[in-house]
Amino acid sequence: MSVRFNPSGSLNVAVDASDLPEQADGHNLASGEMVRCKNVRLNERGKGKTRDGSVKLNTTALKNPVWLVEEMAGDRYSFAGNAIYKNEVSIATGLTSAAWAAVQYNSFNDTNENVFALNGTDRKRVEDSTVAEWGIEAPTTAPTIGVGRGSMLTGQYNAKYTYVRKVGSAVVAESNASAAAPTAQVLAGQSLAVDVTQPKDAQVTHIRVYRTLTGGSIYYYDQEIAIDVTYAYGYTFDWEETAAYISGTGNQFTTADTTHNSENCFTWEELFKDRDDSIVDSVVVASLGDFDSNTSDSALGSQLHTDHDRPPAGSFVFGPAYDGTCFILNGNKLHYCKPKQPEYFPALYFIEVGPPQFVLQTGVFHNGQSYVLSKNDIYYVQGTGDGVFLPLPMKAKTGAQSQNGAVSVHGKGIYHTGPDGIYLFSGTDQKVTEGNLEPIFRGESVEGLPGVGDITKSWLHVYKNHLYFGYSTTSAIGPENILVLNLDTNRLAYYAYNDGSDVRISAITTDITNDRIIVGDAHGFVRIIEDKSNTDDSGTAINWSIQSKDFTLQTRKHFPRWVKYDVDVPIGSTAAGELMLDGASHQTHTITGSRNTKRRLVGVGNGNKAATRISGTGPATVYAAEFE
């Protein structure tokens with residue numbers, strides 16, 4: 001009886017190898033099911049090909065491990081060890097070495113997209129090669145107020161100030177305000193002098209002063225000045241350059257004195273009254289800090305905002321939602337920003353999701369709706385904004401075991417990692433690994449497929465029509481094993497990236513600009529995987545193998561006499577075919593050339609179960625194997 005195998009089925013290690021499906025017509029047996037499929041891609045029915053290779057993008061390791069990789073506008077941003085890199089060049093150091101999460105969005109009033117990232121301690125905004133704080137801290141020192149040189153104000157006044165980041169003329173971020181001066185200032189036909197503290201945050205471009213109305217308690221916009229302004233001394237008059245004037249007891253800049261009238265002064269000079277600025281190489285380096293509020297009450301601007309809090313130091317961020325809302329997970333709390341304003345997270349903009357002991361792990365958008373997952377549950381976040389968000393528990397069997405343990409797949413549902421396998425939530429929750437992979441989620445290694453170790457170090461990722469599940473056999477940072485599921489055909493394969501080198505993929509993302517998958521590993525390298533232009537892993541040949549189900553004859557043993565292999569083995573690759581009897585290798589044949597299907601004689605032997613295994617290194621294509 002002829003027995004034929006071709007790789008048209010899927011990998012299955014949960015069913016006894018002899019119980020996998022087969023077809024019989026009385027004279028022949030045939031099946032495409034496999035118990036081994038290592039580093040062989042199955043996206044072309046009826047044949048298996050060596051998976052595509054991978055290549056390092058940096059020859060020198062970054063600070064390891066690589067916690068996160070983000071691609072934005074063709075540039076790669078890697079969060080590795082305690083540093084951040086752009087295209088593998090360091091742009092920030094001295095950070096906390098911890099797992100990062102990030103979103104890409106543009107700040108309010110800004111058209112430039114940023115990467116907003118956090119790791120439970122650090123909160124950073126990355127734009128091009130600049131790394132700044134995510135949001136702006138409010139000034140910690142109240143202003144000092146007094147009597148100015150103007151004549152417009154009469155009554156009792158107070159002031160606060162904020163730090164601002166402007167792009168051009170647009171305000172893109174503003175801090176909450178400082179505290180007010182401890183005591184209001186009483187004026188009588190005068191102006192309010194306001195002395196402020198300079199910011200330490202390098203992203204701040206301006207300081208804004210807000211003032212009360214006469215006897216009021218509400219603060220309104222008065223004026224702003226740019227910080228770190230340098231004015232050339234050549235803009236002054238000759239009389240101002242005299243040594244006696246500069247070193248004297250009089251004001252360096254003034255609107256009027258006993259000799260010179262106010263027409264001998266520029267408007268910007270008025271900002272420096274009573275300041276002790278220095279002359280260096282004939283240049284005044286002016287670090288602005290004084291305001292003179294002489295604006296009438298009726299001419300003040302908009303009311304001071306009090307909801308410009310920085311984002312919390314959470315563990316995970318996702319967004320934006322369809323309305324521009326970004327979400328941050330912090331313990332069992334779900335924080336959210338003002339819509340379309342990712343740098344403003346008002347202090348009371350949060351809801352509690354589940355009990356405090358069940359920390360939220362991750363969040364996803366599915367069909368336009370927000371879902372958050374703890375290790376035990378899935379919650380649908382109902383509502384459209386502050387005051388109406390409501391977490392509704394779903395009928396899920398489990399949640400997600402890590403921040404990368406859930407992905408949304410359009411038309412399918414939410415794939416998520418449970419403690420004992422991968423689940424698919426779509427109204428109901430189904431364990432999708434039960435039928436094919438159950439033993440490995442019990443920690444067992446089966447037919448060369450390693451068992452799952454610490455599932456909290458695993459990740460899920462979707463690229464085109466494939467679902468990737470990365471896992472490790474240990475608790476090491478970064479998986480070395482990847483299961484690949486074709487979401488259209490449900491064909492499953494196993495990819496190993498640790499043959500020949502210890503490659504542990506700790507971060508994975510889709511490079512949308514270049515249509516490819518980029519990963520970061522635990523040793524500090526950024527790589528392209530599934531790269532069609534590479535047939536090896538950064539110079540290391542890819543080892544592959546494939547094995548059929550066990551064929552059994554109903555009433556007698558197998559007495560194989562010959563084997564045929566239909567395999568394409570290009571020059572430079574190697575391949576060998578094995579006939580397996582009762583789980584042991586009975587005979588091995590070297591396979592060379594392009595689809596040389598000559599008969600290979602088999603020595604004397606018999607067994608209750610027979611299978612064929614084909615393995616090799618380098619690019620190859622397996623079409624079929626047959627024995628009799």
Side-chain angles (χ1 to χ4, degrees), residues 10-14 41-43 68 99 101 316-319 327 329 360-381 392-442 449 451-472 478-479 481-495 505-510 517 519 529-530:
S10 183
L11 174 64
N12 192 323
V13 296
R41 57 185 175 91
L42 301 172
N43 52 343
L68 174 71
F316 187 79
V317 56
F318 68 109
F327 298 92
L329 310 185
L360 297 176
Q361 299 292 315
T362 191
V364 297
F365 294 110
H366 185 64
N367 293 335
Q369 304 299 321
S370 307
Y371 291 83
V372 292
L373 299 85
S374 67
K375 286 192 174 183
N376 304 297
D377 297 292
I378 299 177
Y379 296 87
Y380 163 52
V381 182
L392 300 178
M394 299 287 96
K395 294 180 180 179
K397 297 175 182 176
T398 185
Q401 307 311 299
S402 66
Q403 69 176 35
N404 298 311
V407 292
S408 169
V409 178
H410 183 69
K412 295 284 187 177
I414 300 172
Y415 285 91
H416 57 109
T417 54
D420 60 344
I422 302 173
Y423 289 75
L424 174 61
F425 176 78
S426 182
T428 59
D429 212 18
Q430 177 187 3
K431 185 178 177 182
V432 294
T433 53
E434 183 82 28
N436 284 48
L437 298 167
E438 182 64 17
I440 71 165
F441 286 96
R442 296 170 58 89
L449 185 62
V452 177
D454 185 356
I455 200 167
T456 65
K457 300 297 191 297
S458 65
W459 46 255
L460 288 167
H461 184 72
V462 172
Y463 177 65
K464 296 183 177 179
N465 68 332
H466 285 79
L467 174 69
Y468 295 79
F469 170 67
Y471 73 95
S472 176
N481 307 292
I482 299 180
L483 293 170
V484 184
L485 176 67
N486 186 306
L487 294 168
D488 293 320
T489 65
N490 287 325
R491 301 177 76 192
L492 179 70
Y494 160 60
Y495 292 174
I505 298 175
S506 51
I508 183 169
T509 192
T510 298
I517 300 178
V519 303
I529 66 169
E530 300 277 63

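These numbers were taken from a predicted model, which means no experiment stands behind them.
Note on residues 455-467: pairs passing salt bridge (charged side-chain N to carboxylate O under 4.0 Å, His left out), not counting sequence neighbours, are Asp454-Lys457, Lys464-Asp515. The list of salt bridge (charged side-chain N to carboxylate O under 4.0 Å, His left out) pairs with a residue in residues 402-427, not counting sequence neighbours, reads Asp420-Lys431.
Partners of Gln369 by side-chain hydrogen bond (donor to acceptor under 3.5 Å, both in side chains), not counting sequence neighbours, listed by chain and number: Tyr380. Residues passing the ring-ring contact (aromatic ring centres under 6.0 Å, His included) test with Tyr423, sequence neighbours excluded: His416. A search for ring-ring contact (aromatic ring centres under 6.0 Å, His included) contacts involving Tyr471 returns Phe469, not counting sequence neighbours. In terms of the side-chain hydrogen bond (donor to acceptor under 3.5 Å, both in side chains) criterion, Tyr371 has no residue partners (sequence neighbours excluded). For Asn376, the side-chain contact (heavy atoms from CB on, under 4.5 Å) partners at least two apart in sequence or on another chain are Phe358, Ser374. Partners of Thr509 by side-chain hydrogen bond (donor to acceptor under 3.5 Å, both in side chains), not counting sequence neighbours: none found. Taking the ring-ring contact (aromatic ring centres under 6.0 Å, His included) definition, one finds that Phe365 meets it with Phe318, sequence neighbours left out. For Pro393, the side-chain contact (heavy atoms from CB on, under 4.5 Å) partners are Tyr379, not counting sequence neighbours. Annotation: side-chain contact (heavy atoms from CB on, under 4.5 Å) contacts of Thr428 (sequence neighbours excluded): none. Partners of Asp488 under the side-chain contact (heavy atoms from CB on, under 4.5 Å) rule, at least two apart in sequence or in another chain, are Asn465, Asn486.
Inter-residue side-chain proximity for Glu530 and Tyr495 is flagged as met; some heavy-atom pair is nearer than 4.5 Å. Side-chain contact check for Tyr415 versus Leu487: some heavy-atom pair is nearer than 4.5 Å. Asn436 is listed as a side-chain neighbour of Ser10, based on a closest heavy-atom distance under 4.5 Å. Residues Thr510 and His461 are in side-chain contact: their nearest non-hydrogen atoms beyond the backbone lie under 4.5 Å apart. At least one side-chain heavy atom of Ile505 sits under 4.5 Å from a side-chain heavy atom of Trp459.
Residues Ala14 and Gly435 come closest through the heavy atom pair CB-O, 3.3 Å.
Proximity of a side-chain donor or acceptor of Gln361 to a complementary backbone N or O of Ala400 within less than 3.5 Å is not detected.
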